[in-house]
2 protein chains.
Amino acid sequence: MERYSKQRELILDVLKSRKDHPTADMLYKEIAQKMPGIGIATVYRNLASLYKSGKIEKIETMQGDPDRFDGDLRPHIHLQCSKCNEIYDIFLDEEENKQLNDKLAELTKLINADFTSSKIVLKGICKNCKNKN
Amino acid sequence: MERYSKQRELILDVLKSRKDHPTADMLYKEIAQKMPGIGIATVYRNLASLYKSGKIEKIETMQGDPDRFDGDLRPHIHLQCSKCNEIYDIFLDEEENKQLNDKLAELTKLINADFTSSKIVLKGICKNCKNKN
DNA sequence: CCTTAAATGATAACCGTTATCATTATTTCA
DNA sequence: TGAAATAATGATAACGGTTATCATTTAAGG
């Protein structure tokens with residue numbers, strides 16, 4: 001089974017300390033300063049295992065673009081701005097979260113499947129880009 | 001501006017004739033039988049331009065996995081089965097479509113952004129896999 | 001026709017990610 | 001507490017889907 005490692009602990013700590021949605025490589029650059037010699041493969045491996053065990057979130061955006069990671073597990077969805085590509089959090093309160101999941105579960109029933117989760121990425125124009133040009 | 005090509009026309013026809021969600025390579029294999037000599041790059045290029053011009057849909061699933069394409073433009077979302085990885089359509093009637101988009105637009109307002117579209121992929125267990133083992 | 005430039009086909013390159021493998025570190029239990 | 005067992009690491013090669021490059025072909029318009 002899984003064994004403790006300083007590397008995994010640090011990767012999780014660094015991700016949780018950030019408020020943005022870094023790529024594996026962005027994390028690697030920050031982590032490598034605190035633990036020189038760590039390999040990029042270790043970062044990828046541990047991000048995958050942390051995601052698998054539900055300790056972090058993974059955001060798959062546009063094809064080709066690298067995955068982004070999120071250490072914040074509070075219920076929220078993401079919006080990616082079509083202009084600047086920045087990813088924003090939209091946090092949901094209990095009520096909103098229930099409403100959305102109920103609706104998605106309802107739609108899932110239409111094909112006699114069992115709903116387990118969803119990947120939602122909204123596209124739009126963010127606050128900042130709206131006010132430019 | 002864009003110029004007509006037999007290749008693009010065939011690519012669109014083949015995609016529209018299918019009821020599944022083929023990858024670029026799956027389409028290439030079928031197309032190459034009807035037009036021997038066509039290049040794989042042409043398939044990728046035209047799928048990209050057809051998507052850009054709104055004539056087809058693109059479904060980005062799990063990272064690493066190839067993109068899938070959809071010639072059906074009726075409002076619908078996708079569910080990917082966690083067991084068999086198959087992608088299913090969930091067609092929405094006008095009412096359901098409006099309800100869902102209204103809710104997403106409402107959430108978008110929470111961060112003062114303008115909603116334009118969404119990428120939703122539901123995860124769950126499909127009808128077939130539920131009844132197995 | 002003839003010219004212009006978009007589209008094609010072949011293939012090299014790209015890049016995020018994963019596999020491989022020898023080495024190191026953690027856990028277990030004698 | 002000190003081997004033995006084996007998971008994790010670091011370095012790097014390999015992978016695979018997709019895109020870039022470039023010479024050639026082809027569509028469109030006068």
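Note that the structure is predicted; figures quoted are calculated from it, not measured. Just so it is clear, the values below take in all heavy atoms, side chains as well, and ignore hydrogens, waters and symmetry mates. First the proteins, then the strands, lettered A, B, ... as listed; each starts at 1.
The phosphate of D:dT9 has OP1 or OP2 within less than 4.0 Å of a side-chain N or O from A:Ser5. Note on B:Tyr44: a side-chain N or O is less than 4.0 Å away from OP1 or OP2 of D:dT18. Phosphate proximity of C:dT26 to A:Tyr4: absent, as no side-chain N or O sits under 4.0 Å from OP1 or OP2.
Residues B:Glu57 and B:Tyr51 have side chains that never bring a donor and an acceptor to within less than 3.5 angstrom of each other. For the residue pair B:His76 / B:Asp70, a side-chain donor-acceptor distance below 3.5 Å is found, with atom types taken as modelled.
Here NZ of A:Lys127 is found 9.0 Å from OH of A:Tyr88. Values are rounded to the nearest 0.5 Å.
In B:Lys16, the NZ atom is crowded: over 12 heavy atoms of neighbouring residues, nucleotides or ligands sit closer than 6.0 Å.
With C:dT27, D:dT18, C:dA19 as the candidates, the nucleotide lying closest to the side chain of A:Ala41 is C:dA19. Across D:dT9, D:dA8, D:dA28, the shortest atom-to-atom separation from the side chain of A:Asn46 is found for D:dT9. Closest to the side chain of B:Thr42, from the set C:dT8, C:dA7, C:dT17, is C:dT8. Nearest to the side chain of B:Lys6, among C:dT8, D:dA27, D:dT9, sits D:dA27.
In this structure, CZ of B:Arg45 is placed 13 Å from P of D:dT21, rounded to the nearest angstrom. Atom-to-atom, CD of A:Glu9 to P of D:dT9 comes out at 12 Å; the value is rounded to the nearest Å. Spacing between atom CG of A:Leu10 and atom P of D:dA8 amounts to 17 Å, rounded to whole angstrom units. Following rounding to the nearest Å, B:Asp65 (CG) and C:dG16 (P) show an atom-to-atom distance of 18 Å. One atom, CE of B:Met1, and another, P of D:dT26, lie 18 Å apart when rounded to the nearest Å. In this structure, A:Leu47 atom CG and C:dT17 atom P are separated by 9 Å, rounded to whole Å. Rounded to whole Å, the distance from CG on B:Leu50 to P on C:dA7 is 11 Å. When rounded to the nearest whole Å, the span between CD of B:Gln7 and P of C:dG9 equals 4 Å.
Side-chain atoms of B:Arg8 and base atoms of C:dA7 include no donor and acceptor less than 3.5 Å apart.
A donor-acceptor pair is defined here as one N or O able to donate and one able to accept, closer than 3.5 Å; no such pair exists between the side chain of B:Lys98 and the backbone of B:Asp93.
Residue whose closest nucleotide on DNA chain C sits further toward the 5' end, between B:Ile11 and A:Ala24: B:Ile11. Of the two residues near DNA chain D, B:Glu2 and A:Tyr28, the one whose nearest nucleotide lies more 5' is A:Tyr28.
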